[in-house]
Amino acid sequence: MIHVRLPDGSSRELSDGASAKDLALSIGPGLAKAAVAAKVNDAIVDLARPLPDGAEVALLTKRDPEALEVLRHSAAHLMADAILRVYPKAQLTIGPVVEGGFYYDIYSPDEKISPDDFAKIEGEMQKIAKAGVAFERHEVGGGAGDEVYARYKAIDGGNNKFKQEIVDGLKAQGATLSFYKHGDFVDLCRGPHVPDTGWLKHVKLTHISGAYWRGDADREQLIRVYGTAFFSKEDLKEHLDLIEEAKKRDHRVLGEQLDLFTFNEEAPGFPFFAPRGTMLFNLLVDYMRSLLRRRGYKEVKTPLILSEELWHTSGHYDNYLENMFFTKLKLRDEKEPSHIHDNVEEERPMAVKPMNCPGHLMVYRTRHHSHNEFPLRFAEMGLVHRREMSGVRHGLFRVQAFTQDDAHHFCTPDQIEGEIGMLIDFFKEVYGAFDLDDVRIELSTRPEKSIGSDEMWEKAESALENALDHKGIEYVVNAGDGAFYGPKIDFHIRDVLKRSWQCGTIQLDFSMPERFGLTYIGADGNKHTPVMLHRACYGSLERFMGIIIENYAGKFPLWLAPEQIQVLPISEKFFDYAKEVTAKLLDAGLRAEANLKDDRVGYKIRQASLQKIPYQIVVGEKEQENGTINVRSRDKGELGEMSLEAFLNSVSEERDPKRAAAPSQAA
RNA sequence: GCCCGCAUAGCUCAGCUGGUAGAGCAAUGCUUUCGUAAAGCAUAGGUCGUUGGUUCGAAUCCGACUGCGGGCUCCA
């Protein structure tokens, strides 16, 4: 007899060798049917595995997030099986679960697998799922004589070097090899799996991409086939709908429809902002500036191009070279003016800034500073250029020139914690204003490529930890992901479609002030080196704009809408009245335009609606006579006839950015 | 940078197995003077991404380049 403990604290007696399935049966047939896998002493295992005596056992059903991973991993096996049926020459490598689904990397140099084949593969998967065959676990010590192992080796041709490499690696570690078999298919796998393939009916292949064996570009090119799986048809549909919705909200598409920005071949990765996009950009800047002012920041402006020498001093030349743009001279030949000498080395070569910090250090250095003016905060809407490898550019999310809402705080070591506390509140207020309240914080530590001493890094990392701990902030540690000059705190925000974006960052830097020889006069009358904090809240204004376009699906709240109101006269006879109303709206500080085209009002409404303009004001004979306006709201529909004053009153609140409930007190 | 795919009018796309281009929307003009998501008619607009090649002949077939898209990697 063995005893196991359940999550509710109770314990149960089972016969020797009993499995989690037996446990489920002993509790009730309903649970036995619903159970997917079991968590035994915090490890997730198959339902069929025998339970050890004294184990803590929790049965996982489809409600547990871990169960979904088990399901998806099983679906990966199913897909591998199906792919081998369709492409007998393909070889399998690995097939893990990822966020939102799973993939399997396939080696198939002869036969190309393409999304056109998805239907065929899915068809095979359906067949296997319908058959409802059990997943069986086999453990092998690595003995070649074992039947399952022999079958496994033969399954995709008998000479799969990828699997052999994994097997060799596991043997070298002295690990027990485990295999999972369903029907005739066998795969090396740690498990666990769902009890049988009957669970895997709600599966969909999503896309395909290239990948390398072991992520190494020098190794074999593999085909990565992605899919996703859910317990129910409804869940699968919801997931696919969410993907559809994300496609509809694609900021690149909306950017064109709403006439915000474009890209041109002449400047790949550099956005061109149309008037409305520029308005939106400026609104983001205006909002940020108002908050910076409240917190005593001093705005500065520093050059786009600085001497290459300076980037040696800052360490960027050694650590960031690949991402920088450099200038080269062109000269006319003295004797042959039509001949141009290309790429002439300058006496003092220049580089385009990829970051604003050296510029701010230069501003700091222009005069003496005292501890009395600390914390000193320099802010800049700094336009930086960074070379990106082709293939990584992506709309506004990844560009080669972008504007950072950058700032550098100069302070004493004992002011660090206060500064970080202030910034956390500050940033959360900003994200909240855009209805992005789901904020996650990560602490990134020293990367491989870095400058500064071990002591300095230790000091810096513990300063950030302390600041977070004392404020009671929950965070996860991201080891080795810091900037080359210091550790950082990153802000990840989740949008309405549950996607996560990294925006804000706070980076602590003891190195650069020293490299640039910055000093301040302390209370003791002596010179000291200040501590510097790099920080950005939006991160990149361009990218943040992309995020809010998708978060709002282009339906910006009034305060952010590039064009807030469009005035639509019924016919040409009311153009003058429409202009009059528009002028009054402009006088009231609203962004309004009149549509004076020769179109019917229905068409004008359609156009304004497609442009997602928050308010449409229709004016005709009635309004002109009464001196009123007729309001139609994008979100609430027709609001009817009213006076201009009543309208202005009704929008007075939504005209302004949302303020945080308890405005944070700036230091 | 790597793998796969794509590139036709401002936009969305048609153009079968090679015989030098077509629609809808948008634009412009005219008619209409209109009441809450598309009035009618007309006009204009393309050296089919660039560049080599195959061919009597290339938007169409092949190659290279550029750009874009989906990923990998990298990052804000």
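Every chain is numbered from 1, with letters handed out A, B, ... down the list of sequences. What you are looking at is a predicted structure, and each value in this text was computed from that prediction instead of being measured.
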Carboxylate-amine/guanidinium contact K247(A) E245(A), below 4.0 Å: no
Mutual orientation of the aromatic rings belonging to F397(A) and W501(A) [parallel < 30°, tilted 30-60°, perpendicular > 60°]: tilted
Phosphate OP1/OP2 of U32(B): any Y603(A) side-chain N/O under 4.0 Å: no
Presence of salt bridge, D105(A) and R224(A), under 4.0 angstrom: yes
Touch class at under 4.0 angstrom, heavy-atom based, for R386(A) against every strand present: base
Parallel, tilted or perpendicular: ring planes of F647(A) versus Y615(A), cut at 30 and 60 degrees: perpendicular
F484(A) and Y320(A) aromatic ring geometry - parallel, tilted or perpendicular at 30°/60° bounds: tilted
Plane angle bin for F378(A) and H360(A) - parallel if under 30°, tilted between 30 and 60°, otherwise perpendicular: perpendicular
H394(A) side-chain N/O to C68(B) phosphate OP1/OP2 under 4.0 Å: no
Check: D598(A) side chain, C34(B) base, donor-acceptor under 3.5 Å: yes
Ring geometry between H316(A) and W311(A) (parallel below 30°, tilted from 30 to 60°, perpendicular above 60°): perpendicular
Short side-chain N/O contact to G70(B) OP1/OP2 from R393(A), under 4.0 Å: no
5'-most by nearest nucleotide on RNA chain B - Q616(A) or P268(A): Q616(A)
Sugar-phosphate only, base, or nothing, as touched by N323(A) at under 4.0 Å among non-hydrogen atoms: nothing
Between the protein and nucleotides 10-13 of chain B, list the N/O to N/O atom pairs that are separated by less than 3.5 angstrom.
residue	atom	partner	partner atom	Å
C11(B)	O3'	E256(A)	OE2	3.2

Pairwise distance CD(E593(A)) to OG1(T582(A)) - rounded to 0.5 angstrom: 9.0 Å
Carboxylate-amine/guanidinium contact D599(A) K597(A), below 4.0 Å: no
Mutual orientation of the aromatic rings belonging to H408(A) and H534(A) [parallel < 30°, tilted 30-60°, perpendicular > 60°]: perpendicular
Close residues, residues 564-573 of chain A, relative to RNA chain B [heavy-atom separation under 4.0 Å]: I570(A), S571(A), E572(A), K573(A)
Partner residues of Y287(A) under the ring pair (Phe, Tyr, Trp, His ring centres under 6.0 Å) criterion, sequence neighbours left out: F434(A), W559(A)
Salt-bridge present (R499(A), E550(A); N to O < 4.0 Å): yes
Distance, P atom - from G10(B) to A42(B), rounded to whole angstrom: 23 Å
Given C72(B), U36(B), U31(B), the nucleotide with the shortest approach to the side chain of V392(A): C72(B)
F261(A)-F272(A) aromatic ring centre distance below 6.0 Å: no
Distance between C1' atoms of C65(B) and U73(B) (Å, rounded): 24 Å
Under-4.0 Å salt bridge between E419(A) and R535(A): no
Inter-nucleotide C1' distance (U28(B), G19(B)), Å rounded: 35 Å
Sugar-phosphate, base or nothing in reach of E388(A), heavy atoms under 4.0 Å: base
Spacing of the P atoms in C41(B) and A58(B) (rounded, Å): 39 Å
Distance between P atoms of U60(B) and U17(B) (Å, rounded): 13 Å
Atom-pair distance (CD1 on I243(A); C1' on G70(B)), nearest Å: 13 Å
Sugar-phosphate only, base, or nothing, as touched by V601(A) at under 4.0 Å among non-hydrogen atoms: sugar-phosphate
Sidechain N-carboxylate O distance under 4.0 Å for E461(A), R446(A): no
Span that lies between the P atom of U12(B) and that of A7(B), in whole angstrom: 13 Å
Distance test, side-chain N/O of K604(A) to OP1/OP2 of C34(B), below 4.0 Å: no
Involving RNA chain B, stems made of at least three consecutive Watson-Crick or G-U pairs, both distances under 3.5 Å: B:1-7 with B:66-72, B:10-13 with B:22-25, B:27-31 with B:39-43, B:49-53 with B:61-65
Pair R295(A) + E429(A), salt bridge at N-O below 4.0 Å: yes
Residues E563(A), R276(A): salt bridge by 4.0 Å N-O rule: yes
Proximity to the side chain of V399(A) - top-ranked nucleotide from U32(B), A76(B), U36(B): A76(B)
Sugar-phosphate, base or nothing in reach of G602(A), heavy atoms under 4.0 Å: sugar-phosphate
d(CG, N478(A); P, C74(B)) in whole Å: 12 Å
Within residues 622-632 of chain A, residues whose heavy atoms come under 4.0 Å of RNA chain B: K622(A), E623(A), N630(A), R632(A)
Interface with RNA chain B, restricted to residues 543-554 of chain A and to heavy atoms under 4.0 Å: R543(A)
From Y107(A) atom OH to L222(A) atom CG, the distance as rounded to the nearest 0.5 Å: 8.5 Å
Interatomic distance, F574(A) CZ vs C34(B) P [rounded to whole Å]: 7 Å
Rounded distance in Å between the C1' positions of C11(B) and G70(B): 22 Å
Value in whole Å for how far the C1' atom of G29(B) lies from CG of D599(A): 14 Å
Electrostatic pair K301(A):E380(A) at N-O distance under 4.0 angstrom: no
Gap between atoms CG and C1', on D490(A) and C74(B) respectively (whole Å): 15 Å
Closest-nucleotide ordering on RNA chain B, the 5'-leading residue of L222(A) and N264(A): L222(A)
Integer-rounded Å distance: A76(B) P and H534(A) NE2: 13 Å
Distance, rounded to the nearest Å, where R600(A) contributes CZ and G40(B) contributes C1': 8 Å
Residues D438(A) and R440(A) bridged, charged N to O under 4.0 Å: no
Nearest-angstrom distance from the residue atom CD of Q507(A) to P of C75(B): 12 Å
Closest listed nucleotide, where the reference is the side chain of M389(A) and the choices are G1(B), U36(B), A76(B): G1(B)
Inter-nucleotide P distance (U43(B), A38(B)), Å rounded: 26 Å
Side-chain N or O of K597(A) closer than 4.0 Å to phosphate OP1/OP2 of A27(B): yes
Sugar-phosphate, base or nothing in reach of K488(A), heavy atoms under 4.0 Å: sugar-phosphate
